[in-house]
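One structure is given here, and the rest of the page talks about it.
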Protein chains: 2
Amino acid sequence: MTRPSVTTPDALAQRLAHSGLRSTPQREVIYDVLLKKRDHPTADEVYARVRSDMPSISLATVYNCLETLVQCDLVRAVNFERGPTRYCPNLRPHAHFHDEQSGSTHDIDLPPDLLEKVSAVLPPGYDAKSVEITFRGKALPSTEPKAAANK
Amino acid sequence: MTRPSVTTPDALAQRLAHSGLRSTPQREVIYDVLLKKRDHPTADEVYARVRSDMPSISLATVYNCLETLVQCDLVRAVNFERGPTRYCPNLRPHAHFHDEQSGSTHDIDLPPDLLEKVSAVLPPGYDAKSVEITFRGKALPSTEPKAAANK
DNA sequence: AGTGATAATTAGAATTATTCTAAATGATGA
DNA sequence: TCATCATTTAGAATAATTCTAATTATCACT
Ligand SMILES: [Mn+2]
Ligand SMILES: [Mn+2]
Ligand SMILES: [Zn+2]
Ligand SMILES: [Zn+2]
């Protein structure tokens with residue numbers, strides 16, 4: 001029954017304020033879209049989804065808002081090779097698994113000590129602010145993202 | 001006194017033949033350039049370096065040859081965020097450290113068991129063909145890549 | 001050596017995701 | 001209400017890469 005730390009829409013205004021930014025309808029609906037279907041959509045996909053709620057929003061605004069959410073640490077930008085950037089509202093420490101067949105991206109939760117263990121391979125003189133772990137391969141269809149299991 | 005497994009220019013013709021491809025002057029000079037200065041150059045940087053040896057080479061050929069070397073498993077393509085792809089002839093298992101100040105990329109050799117340990121976090125149903133580990137942060141100037149220390 | 005088949009290279013156009021620019025709109029608060 | 005500053009917006013610009021179609025090089029055979 002643990003809840004994700006900050007992944008509720010309410011947290012948005014707080015986090016934005018903390019960075020001296022305003023909560024706007026565009027930022028809210030974009031964050032909602034990310035929380036509702038956590039399949040690592042691209043900016044274009046976010047744009048398409050947001051347009052049903054807000055048909056007048058512009059693609060530039062989608063890019064601007066996503067960047068803002070990333071700066072506020074509410075969302076992670078996820079890249080794989082040279083593909084378009086994908087957006088992830090999962091704030092727990094996790095890795096990404098890219099299924100080559102389907103093109104889908106899955107979250108892999110990490111045990112609490114793994115990132116430290118990995119960072120321990122750094123020789124003296126290297127000070128890492130972040131670590132990213134990415135897998136590429138084949139995932140069984142049963143591992144396809146099911147209907148928005150939040151928790 | 002261990003030697004890197006396949007990182008000598010001689011290996012090139014072999015590996016290419018194994019994939020049914022020819023060894024060409026362009027492929028050779030590009031692979032040489034990658035071996036000579038292992039600082040993870042971009043395609044543009046490779047192009048610039050190769051042009052002193054072979055002024056008539058085209059940028060399209062540089063892209064083609066780099067892709068060929070990657071397909072033959074002689075070179076790794078390395079991406080960081082949305083930056084241009086960089087190329088790495090280090091075939092040992094290693095991670096990448098991106099120094100945010102200088103923009104430089106460093107190889108971090110990995111202990112033999114680490115990648116297995118990391119892959120062990122995958123739930124059943126996930127079959128990873130590759131794992132990538134990327135660090136981002138600050139590296140002390142002393143860790144700057146020194147004059148082509150091969151071995 | 002000559003010939004046809006295939007592979008590789010090349011210049012330049014096209015593509016794609018993203019960023020930039022400059023103007024319009026919206027909120028804030030003296 | 002007005003001035004100020006933040007945000008959004010449309011469209012142009014950018015940058016890395018890929019594609020296209022033509023040319024050149026290599027190879028296998030005769
Ligand atoms: Mn990824
Ligand atoms: Mn990298
Ligand atoms: Zn994720
Ligand atoms: Zn490397």
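Chain A is the first sequence line, chain B the second, and so forth, proteins listed ahead of strands; every chain is numbered from 1.
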Under 4.0 Å between a side-chain nitrogen and a carboxylate oxygen: does that hold for [X] and [Y]?
X         : Y         : result
Asp109(B) : Arg92(B)  : yes
Asp32(B)  : Lys37(B)  : no
Arg136(B) : Glu132(A) : no

> Relative to the 5' end of DNA chain C, which residue comes earlier, Pro25(B) or Arg82(A), by the nucleotide with the nearest heavy atom?
Replying inline: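 Result of the comparison: Pro25(B).
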Given [options], the nucleotide with the shortest approach to the side chain of [X]:
X        : options                  : result
Tyr63(B) : dT19(C), dT8(D), dT17(D) : dT17(D)
Arg22(B) : dG12(C), dT18(C), dT6(C) : dT6(C)
Thr61(B) : dA17(C), dT9(C), dT17(D) : dT9(C)
Arg27(A) : dT8(D), dT17(D), dT10(C) : dT8(D)
Asp44(B) : dA16(D), dC20(C), dT7(D) : dA16(D)

>> Walk me through whether His106(A) and Phe135(A) qualify under ring pair (Phe, Tyr, Trp, His ring centres under 6.0 Å).
In response: CA-CA 10 Å; His106(A) 304 252; Phe135(A) 299 94; over 10 Å; no
> Between atom CD in Glu67(A) and atom P in dT19(C), what is the gap in whole Å?
Replying inline: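 Distance, rounded to whole Å: 7 Å.
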>> Between Arg76(A) and Asp107(A), does the salt bridge (charged side-chain N to carboxylate O under 4.0 Å, His left out) criterion hold? Intermediate values first, please.
In response: CA-CA 12 Å; Arg76(A) 265 173 69 180; Asp107(A) 283 352; over 6 Å; no
>> Short of 4.0 Å, heavy atom to strand atom, which residues of residues 45-58 of chain A count as contacting DNA chain D?
In response: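 The answer is Ser56(A), Ile57(A), Ser58(A).
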Would you say the side chains of [X] and [Y] form a donor-acceptor pair under 3.5 Å?
X        : Y        : result
His96(A) : His94(A) : yes
Arg51(B) : Tyr47(B) : yes
Ser19(B) : Gln71(B) : no

>> Over all strands shown, is Thr85(A) touching base, sugar-phosphate only, or nothing at heavy-atom distances under 4.0 angstrom?
In response: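 Sugar-phosphate, backbone atoms only, no base.
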>> Looking at dA25(D), I'd like to know if its phosphate oxygens (OP1 or OP2) sit under 4.0 Å from a side-chain N or O belonging to Gln26(B).
In response: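 For Gln26(B), the contact criterion (side-chain N or O under 4.0 Å from OP1 or OP2 of dA25(D)) is not met.
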> Would one find a side-chain N or O of Thr24(B) under 4.0 angstrom from OP1 or OP2 of dT9(C)?
Replying inline: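 Yes, Thr24(B) has a side-chain N/O under 4.0 Å of OP1/OP2 on dT9(C).
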>> Between the opening five pairs and the closing five pairs of the helix from dA1(C)-dT30(D) to dA30(C)-dT1(D), how far apart are the helix axes, to 10°?
In response: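 Inter-axis angle at the termini of the helix from dA1(C)-dT30(D) to dA30(C)-dT1(D): 20°.
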> Should the heavy atoms of other residues, nucleotides or ligands under 6.0 Å from CD of Gln14(A) be counted, would the total exceed 12?
Replying inline: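 It does not: Gln14(A) CD has 12 such atoms or fewer within range.
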